[in-house]
**Q** 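Starting off with a structure, shown below.
Atoms considered below: every heavy atom in the structure, side chains included; atoms not considered: hydrogens, waters and symmetry mates. Chain naming here is simple, since letters A, B, ... match the order of the sequence lines and numbering starts at 1 in each.
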Amino acid sequence: MKDKENYNFPDDAGRYGEFGGKYVSETLMSALEELENTYENLKGNEEFKNEITEDLNNFVGRPSPLYFAKRWTEKLAGAQIYLKREDLNHTGAHKINNTVGQVLLAKHMGKRRIIAETGAGQHGVATAAVAARHGLECIIFMGEEDIERQSPNVYRMKLLGAEVCSVTSGTKTLKDAMNEAMRDWVTNVDDTHYIIGSVAGPHPYPKIVRDFNSIVGVELKDQSRALFGRFPDKIIACVGGGSNAMGIFYPFLKDNSVDLIGVEAGGSGIETGKHAAPLSDGSIGVLHGMKTYLMQDESGQILSTQSVSAGLDYPGVGPEHSYLKDSGRVEYNSATDEEALDSFHDLTKTEGIMPALETAHALAYAKKIAPKLDEEEIIVVNLSGRGDKDMANVAKVEGLTL
Amino acid sequence: MSIINSTFKNLQKNKSKALITYTVAGDPDLELSEEIIEEIINSGADIIEIGVPFSDPMSEGPVIQLAHERSLKNKTSLPEILSLSKRLKKKFNNTPIVLMGYFNTFINSLNSDNNFHDINDEICEELKNSGVDGLIIVDLPFEESEVIFKKLSEYQIDLIRLISPTTSELRINEIINNSSGFLYYVSLKGITGADISSYEELEKRVQNIKKITNIPIVVGFGIKDQQTAENMSNFSDGVVIGSAIVDMIEHIKTKKTGNDFAKLSKFVGEIKSSLQ
Ligand SMILES: Cc1ncc(COP(=O)(O)O)c(C=O)c1O
């Protein structure tokens with residue numbers, strides 16, 4: 001990567017090289033401008049920073065531990081595997097790092113209504129929780145298919161006082177939930193803030209969500225200095241829209257000794273075409289307000305995706321990942337449904353930690369490479385979320401009933 | 001002068017306002033959608049907006065979303081839509097044709113260069129050769145399209161911009177400087193097919209824009225009947241009717257036979273007469 005020394009994206013136009021931008025209808029432009037101004041004004045403000053730190057510490061439970069997966073490391077007989085425990089956050093995933101920040105932006109903008117899209121339901125739950133905590137109205141858009149496969153999270157959102165809106169258009173998954181959230185937003189733009197749940201969508205969302213999630217990488221830097229006296233050799237994270245990956249990668253972008261590896265959902269296998277891996281097997285286009293790699297046909301129609309994990313089942317990816325792929329700074333791979341399920345069981349049985357199916361994709365890749373590496377080497381996997389939400393789905397995939 | 005400009009000039013001369021209709025190409029199928037557009041032109045429409053179907057039509061309400069889905073079931077593609085446009089242009093060479101769609105289909109289905117993701121000469125030439133007079137790209141604000149605007153104007157293809165109730169004065173000026181053909185004022189905050197709430201506010205906004213530009217300005221989104229069309233035309237240069245027509249098309253299953261075609265042409269005729 002030629003310009004990594006002065007990596008400074010996005011630029012003023014919200015671009016990461018060719019990627020990113022603001023491709024939305026005119027009605028939303030003013031809302032994006034308002035959000036950008038609010039964020040730029042507040043982000044250096046001490047009071048605002050304290051407010052966020054306070055919530056991250058006492059509401060979310062940060063910092064999250066860096067855990068040595070001793071038995072799994074021994075079993076794989078290669079590099080040492082450490083887990084950054086985002087699953088221990090309140091509501092069970094990294095998603096809350098972003099919602100804690102965005103809800104404060106919403107309050108500063110005087111919005112009384114919060115909307116969000118969700119796939120796995122983790123972002124929905126994280127949004128519903130902060131909305132409850134701040135007494136704001138909350139509506140979550142979720143594809144009909146995801147409502148079925150992530151039902152415990154649907155009930156959690158309802159208990160937290162959110163209305164869950166079932167989306168039946170298109171493929172009835174995450175991308176359609178995002179379309180519907182956008183439609184709600186244009187209609188209620190005056191009093192509503194849309195909390196996008198990943199580093200996707202129009203500028204300034206990819207930047208804001210990255211910044212709020214960067215706490216993960218920032219903590220990891222401190223923890224690795226203290227624990228190893230150096231940075232890890234490899235950091236692995238799963239990539240849906242790419243927020244947990246961006247959060248743990250971003251603080252390390254300029255540290256060339258650290259290999260950064262994103263793992264997409266390989267579904268039934270990249271060669272089958274039935275997957276959700278636009279960086280591995282996609283082409284450049286525009287969707288949901290951003291220019292990025294997408295899964296699309298030769299007519300520019302977005303393809304339906306396939307993954308066992310609802311949170312990765314998305315045909316696009318955050319624009320910064322597209323840039324990092326093309327620049328070569330981050331390596332992107334994929335893991336199939338089968339490999340993810342295998343690692344889901346592995347970690348649960350060997351370490352007593354049940355990972356989310358999304359996270360299991362990152363684990364599957366760690367499992368693949370660890371045995372080939374020297375035992376001096378250190379791999380950190382971003383354990384983006386816990387797997388309780390997936391139990392019914394895993395049972396179903398394996399032909400069991402609970 | 002572009003045909004869009006001359007169309008508005010002629011309407012002004014005749015003290016009439018423009019009726020612009022929106023239908024989705026390939027709904028219910030390509031052949032029928034062609035006949036429907038012909039019927040609509042014969043019934044009095046002045047400008048034809050042809051919707052280019054997209055898998056993720058984010059700005060559309062339920063009625064038009066379904067039309068996009070019906071069209072995509074038939075795998076309607078942009079090259080096919082351009083052939084349709086070409087045939088229409090042959091028959092009705094004075095009726096402007098405007099394609100309305102989402103950016104991704106334009107950059108990813110006409111371009112032979114997979115490494116280029118914008119609107120280039122190749123695309124402009126294809127559009128021009130197909131009789132396309134203008135484009136409305138819903139998800140392409142002026143910030144993302146200064147170059148595209150210049151490129152299209154080299155080919156005398158108008159880039160028609162939307163202005164919405166949330167557009168600031170500053171942006172309105174920028175938009176005016178970066179648009180041609182006509183301005184499309186979105187009557188409401190929301191998606192196609194929703195209901196208009198405040199007429200007075202709308203009228204004031206449109207009149208304010210008219211004070212600073214000579215580009216014709218039409219009102220669209222939420223116009224479903226004669227009365228609304230007439231009200232809107234009192235302070236604008238025309239109206240766009242979309243969902244109301246698409247809703248009628250949903251019932252059209254066969255060729256010209258049957259009531260549905262007759263109903264549609266009656267509706268279009270009535271709206272046009274309310275704009276005189
Ligand atoms: C636990 C977990 N990890 C990862 C993801 C994928 O999102 P992202 O790529 O934005 O981190 C999700 C999304 O729902 C999730 O719940």
**Q** Between A:K175 and B:D56 (salt bridge meaning N to carboxylate O under 4.0 Å), is one present in this structure?
**A**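 A salt bridge links A:K175 with B:D56.
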**Q** Using a strict cut-off of less than 4.0 Å between a Lys/Arg side-chain nitrogen and an Asp/Glu carboxylate oxygen, indicate whether B:D29 and B:K75 qualify as a salt bridge.
**A**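 So B:D29 does not pair with B:K75 through a salt bridge.
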**Q** In chain order, what residues pass the ring pair (Phe, Tyr, Trp, His ring centres under 6.0 Å) check against A:F19, with sequence neighbours excluded?
**A**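 Result, ring pair (Phe, Tyr, Trp, His ring centres under 6.0 Å) vs A:F19: A:Y293.
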**Q** Counting only non-hydrogen atoms closer than 4.5 Å, does B:I163 touch chain A with its backbone (N, CA, C, O), its side chain (CB onward), both, or neither?
**A**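 Contact with chain A is through the backbone of B:I163 alone.
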**Q** Name the residue from A:D190, A:T187, A:T27 that meets the side-chain hydrogen bond (donor to acceptor under 3.5 Å, both in side chains) definition with B:K189.
**A**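 That would be A:D190; it is the only one of A:D190, A:T187, A:T27 passing the side-chain hydrogen bond (donor to acceptor under 3.5 Å, both in side chains) with B:K189.
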**Q** For A:V24, which atoms come within 4.5 Å of any heavy atom of chain B: side chain, backbone, both, or neither?
**A**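 Answer is backbone: N, CA, C or O of A:V24 sit under 4.5 Å from chain B.
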**Q** Report which part of B:P57 has an atom under 4.5 Å of a heavy atom belonging to chain A: side chain, backbone, both, or neither.
**A**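 Both backbone and side chain.
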**Q** Using 4.0 Å as the upper bound for N to carboxylate O, is an ion pair formed by A:K111 and A:D191?
**A**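 Salt bridge flag = no for A:K111 with A:D191.
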**Q** Is A:E40 paired with A:K207 through a side-chain N to carboxylate O contact shorter than 4.0 Å?
**A**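 Salt bridge between A:K207 and A:E40, a charged N being under 4.0 Å from a carboxylate O: yes.
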**Q** Heavy-atom pairs under 4.5 Å with chain A: which of B:L66, B:T167, B:L78, B:N104 has the most?
**A**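 Greatest number of close heavy-atom pairs with chain A: B:N104.
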**Q** So what's closer than 4.5 Å to chain A heavy atoms on B:T105: side chain, backbone, both or neither?
**A**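 Contact with chain A is through both the backbone and side chain of B:T105.
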**Q** Measure distances from A:L303 to the heavy atoms of chain B and classify the residue's part below 4.5 Å as side chain, backbone, both or neither.
**A**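 Neither part.
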**Q** Is the shortest distance from a Lys or Arg side-chain nitrogen in A:D313 or A:R149 to a carboxylate oxygen in the other one below 4.0 Å?
**A**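 Here A:D313 pairs with A:R149 in a salt bridge, since their nearest N and O are under 4.0 Å apart.
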**Q** Which region of A:S25, side chain (C-beta onward) or backbone (N, CA, C, O), has a non-hydrogen atom less than 4.5 Å from a non-hydrogen atom of chain B, or is it both or neither?
**A**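 Both parts, heavy atoms under 4.5 Å.
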**Q** Check whether B:F103 gets within reach of chain A through its side chain, its backbone, both or neither, counting any heavy atom under 4.5 Å.
**A**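 Contact with chain A is through the side chain of B:F103 alone.
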**Q** Can you tell which part of B:R161 gets under 4.5 Å to a heavy atom of chain A, answering side chain, backbone, both or neither?
**A**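 Interface part for B:R161: neither.
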**Q** Would you say the ring centroid of A:F9 lies under 6.0 angstrom from that of A:Y323?
**A**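 Judged by ring-centre distance (under 6.0 Å), A:F9 and A:Y323 do meet the cut-off.
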**Q** Could you please state which residues from residues 205-215 of chain B sit under 4.5 angstrom from chain A, measuring non-hydrogen atom to non-hydrogen atom, sorted by number, or 'none'?
**A**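 Listed by number, there are no contacting residues, so the answer is none.
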**Q** For B:Y185, enumerate each residue passing the ring pair (Phe, Tyr, Trp, His ring centres under 6.0 Å) test, keeping only those at least two apart in sequence or located in another chain.
**A**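 For B:Y185, no residue satisfies ring pair (Phe, Tyr, Trp, His ring centres under 6.0 Å) once neighbours in sequence are set aside.
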**Q** Pick from A:E298, A:R15, A:K22: which one has the most heavy-atom pairs with chain B under 4.5 Å?
**A**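 Counting heavy-atom pairs under 4.5 Å, the top option is A:K22.
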**Q** Mind checking what makes ring pair (Phe, Tyr, Trp, His ring centres under 6.0 Å) contact with A:Y332, not counting sequence neighbours?
**A**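 A:Y332 satisfies ring pair (Phe, Tyr, Trp, His ring centres under 6.0 Å) with A:H321 only.
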**Q** Select one option (side chain, backbone, both, neither) describing which atoms of B:L140 are under 4.5 Å from chain A's heavy atoms.
**A**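 Both parts, backbone and side chain.
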**Q** Salt bridge check: are B:D195 and B:K224 linked by an N-O gap of less than 4.0 Å?
**A**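 Yes, charged N to carboxylate O under 4.0 Å.
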**Q** Counting heavy-atom pairs under 4.5 Å to chain B, which of A:E180, A:M182, A:H288 comes out on top?
**A**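 Going by pairs under 4.5 Å, I would pick A:H288.
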**Q** Going through the distances and angles, do A:R210 and A:E320 end up as a salt bridge (charged side-chain N to carboxylate O under 4.0 Å, His left out)?
**A** CA-CA 9 Å; A:R210 173 195 75 191; A:E320 192 161 14; 3.1 Å; yes
